[in-house]
Amino acid sequence: MYLFKKISTLIRFLESYRNKNRPIGFVPTMGALHEGHLSLVRQSLEATQCTVCSIFVNPTQFNEASDLEKYPRTPAKDLTMLYKAGCDVVFMPAPEEVYPPGLDTSVNIGFAGLDHPMEGRFRPGHFQGVAQVVKRLLDIVEPDKLLMGQKDYQQFLIVRHMARVLSLPTEVVMAPTVREKNGLAMSSRNQRLSPEQRELAAALRQTLQKAAKWIRKYPPREVEQKAIQALRQYPGIEPEYFQLADGATLQPAPDYENPDSIVACAAIWIGGVRLIDNMILKG
Ligand code: PAF
């Protein structure tokens with residue numbers, strides 16, 4: 001496994017693959033890796049000939065300084081995990097390498113409203129920061145495939161939209177969410193939960209599963225209300241949103257017939273830790 005910290009040496013290394021038309025897969029991460037990230041790495045290893053994983057805690061996507069500060073950082077453990085998974089290349093740049101003074105890295109495109117609801121509403125500016133860093137990393141790595149997890153469904157749609165609008169030569173691939181035994185979606189933020197809180201957090205997935213049943217009986221807005229009420233029953237959980245969205249536009253699903261796909265997306269707080277999850281209900 002090769003570790004690069006500088007853009008210039010990474011680009012030089014990847015040139016040999018590009019010159020031989022050997023496909024490159026890319027898994028961007030903010031570190032504190034877990035099995036979910038490794039499943040993306042494995043999927044990339046199967047589909048391409050060189051897998052690059054980046055570890056970079058991107059300051060521009062945090063809308064709260066305290067969240068950035070508290071974000072778990074475990075670089076030594078991350079490198080061991082990637083080495084064991086068979087990852088080919090790790091890119092671990094410093095912030096000045098990604099955002100050198102004087103370089104305009106802003107992404108000036110519209111997101112067709114995908115950035116307005118749900119995460120966009122509660123984390124203003126977050127997706128602008130995600131698009132900025134992903135575009136910057138894609139410009140550096142120029143991968144054939146970009147692998148992203150379903151847990152961040154809205155992020156996936158926004159990045160795929162960006163790739164389309166900017167005609168980037170990269171296929172954006174969504175991989176299934178990897179879960180703990182109790183159903184909790186794996187997330188770097190889970191490291192900040194106590195064992196009791198981790199058990200409690202399983203309620204998020206369970207409520208999504210309940211919603212999947214309720215849609216047989218109740219219209220979308222009623223299912224959302226029932227889910228919020230159900231989550232509030234758990235002492236220690238504060239639900240932020242629960243939305244049945246059109247899986248393509250992320251607008252509230254008006255009914256179950258018209259949208260081709262429907263996804264239930266939710267965010268909750270447990271003791272200062274914010275968790276998100278989703279379930280595709282149709283399509
Ligand atoms: O999903 C994440 O971990 C981040 O948003 C990403 C895509 C690595 C960009 O910083």
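Note that these values count all heavy atoms, side chains included, but never hydrogens, waters or copies made by symmetry. Model, not experiment: these values are computed from the prediction. Both counts, for ligands and for their atoms, begin at 1 and track the order of listing.
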>> Using a strict threshold of under 4.0 Å (side-chain N to carboxylate O), is an ion pair present between Glu15 and Arg12?
In response: no
> ligand 1 and Gln61, any nitrogen or oxygen pair closer than 3.5 angstrom?
Replying inline: yes
>> List ligand 1 atoms under 4.0 Å from Val133, heavy atoms only on the residue side.
In response: 9 (C), 10 (O)
> Of all the non-hydrogen atoms in the protein, which one sits nearest to atom 3 (O) of ligand 1, and at what distance?
Replying inline: Met30 CG, 3.8 Å
> Going by the atom numbers of ligand 1, which of them fall below 4.0 Å from some non-hydrogen atom of Pro28?
Replying inline: 8 (C)
>> Does ligand 1 come near enough to Gln155 that some N or O of the ligand is less than 3.5 Å from an N or O of the residue?
In response: yes
> Given that the side chain starts at C-beta and the backbone is N, CA, C, O, which of these parts of Val159 lies under 4.0 Å from ligand 1, counting heavy atoms, or is it both or neither?
Replying inline: neither
>> Applying the salt bridge (charged side-chain N to carboxylate O under 4.0 Å, His left out) criterion to Asp277, which one of Arg179, Lys151, Arg205 satisfies it?
In response: Arg179
>> Within ligand 1, which atoms have a heavy atom of Thr29 less than 4.0 Å away?
In response: 8 (C)
> Less than 4.0 Å between a side-chain N and a carboxylate O, is that true for Glu35 and Arg42?
Replying inline: yes
>> As an exercise, identify every atom of ligand 1 less than 4.0 angstrom from a heavy atom of Met148.
In response: 7 (C)
>> In the structure I gave you, are the side-chain heavy atoms of Thr105 and Lys135 within less than 4.5 Å of one another anywhere?
In response: no
> When the ring planes of Phe4 and Phe13 are compared, do they come out parallel, tilted or perpendicular, using 30° and 60° as the limits?
Replying inline: tilted
> Would you say Met148 and Leu275 are hydrophobically clustered, going by side-chain heavy atoms of ILVMFWY under 4.5 Å?
Replying inline: no
